[in-house]
Amino acid sequence: DVKVTQSSRYLVKRTGEKVFLECVQDMDHENMFWYRQDPGLGLRLIYFSYDVKMKEKGDIPEGYSVSREKKERFSLILESASTNQTSMYLCASSHRQGIYEQYFGPGTRLTVT
Amino acid sequence: DQQVKQNSPSLSVQEGRISILNCDYTNSMFDYFLWYKKYPAEGPTFLISISSIKDKNEDGRFTVFLNKSAKHLSLHIVPSQPGDSAVYFCAAPVGTALIFGKGTTLSVSS
C-alpha cells in the first residue's frame, strides 16, 4: 500500500524559530512536493524535487527552503518562522514520467505564535 | 493568474441527489485532469482523472465530463452520500507538478 508519512501532525512554534518538516515516501517515487493549504486559497506549491539533491521553486517559495539527500525523504525548512506561515503543510510524491497522480501525506498543521 | 478555477466555494446537496462540481481552465494545452477529495485534517486522495482524448470517465458513483471547447470539466456524484462531504479539488499537470483549483466544499445532508 502506498505510503507518504509526515513527521508531525500538529506543530506549534514561536516566531523566529527554525522549523523542519519531514516527509518520507516508501514508493520509490522520483518526484516529491511540498504544498501549503489555506482556506480559500487551495493548494499552493512551495517547492518540488525531481531527483536526489535536485529542487525547483514552486509558486510560493519565499521564506522556505528544502533538502533532499535521499530519494525517499524530502524536508521543508522554515529558516525563521513567521505568523503568516501558519498553515496546513502537505507533502506528496509521484513517479517521474507520464503518471500525474500524486500521493499525499496526512499533513502537518503548523501554528506559529 | 489562475489557470484552474473552481468558482463555487461551496455546494450543499441532499443525500441521494446528484452533486455537480465544476472546474474551468484557461490553458488549452492542458491534456489531463484529476480530481482529488480532501477530508479535514487529512491529505487529499486521488478520486478520478480524465485524459483530453476522452469526454467522459466513470468510476462507480463518480463521473467526470470534459468539454474541451468550453475548457470546462465537471465531476458528478450520483447518488450523493453524507460521507462524500469533503473539499474537492480539480488539478492539471504542469510539467512535473500539478496546479490545483481553490476547491469546492461539498456538504451532503441526510
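To find a chain, count down the sequence lines: A is the first, B the second, and so on, and within it residues start at 1. Please read these numbers as outputs of a predicted model, since none were measured by experiment.
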Exercise. Checking heavy atoms, do the side chain of A:Leu90, its backbone, both or neither come under 4.5 Å from chain B?
Worked result: side chain

Problem set entry | Segment of B:Tyr36 engaging chain A (4.5 angstrom heavy-atom cut-off) | side chain

Problem set entry | Any residue of residues 7-23 of chain A which, by heavy atoms, sits under 4.5 Å from chain B | A:Arg9, A:Tyr10

Exercise. Does any N or O in the side chain of A:Tyr100 come within less than 3.5 Å of the main-chain N or O of B:Ala91, such that one atom is a donor and the other an acceptor?
Worked result: no

Seminar exercise, completed: Most heavy-atom pairs under 4.5 Å with chain A, out of B:Ala97, B:Pro9, B:Ala92, belong to B:Ala97

Problem set entry | Residues, nucleotides or ligands: over 12 heavy atoms within 6.0 Å of A:Asp59 CG | yes

Seminar exercise, completed: When rounded to the nearest 0.5 Å, the distance separating CG of B:Leu47 from CD of A:Glu101 is 10.5 Å

Exercise. What residue, out of B:Val87, B:Thr96, B:Thr45, has the most heavy-atom pairs lying under 4.5 Å from chain A?
Worked result: B:Thr96

Problem set entry | Listed partners of B:Arg61 passing side-chain contact (heavy atoms from CB on, under 4.5 Å), at least two apart | B:Ile77, B:Pro79, B:Gln81, B:Asp84

Exercise. Do B:Phe100 and A:Gln37 have side-chain heavy atoms sitting under 4.5 Å apart?
Worked result: no

Exercise. Pick from A:Gly107, A:Pro39, A:Ala92, A:Gly40: which one has the most heavy-atom pairs with chain B under 4.5 Å?
Worked result: A:Gly40

For this session: Measure the OH-CG distance between A:Tyr35 and B:Leu98 for me, rounded to the nearest 0.5 Å.
Result: 5.0 Å

Exercise. Does NZ belonging to B:Lys54 count more than 12 external heavy atoms closer than 6.0 Å?
Worked result: no

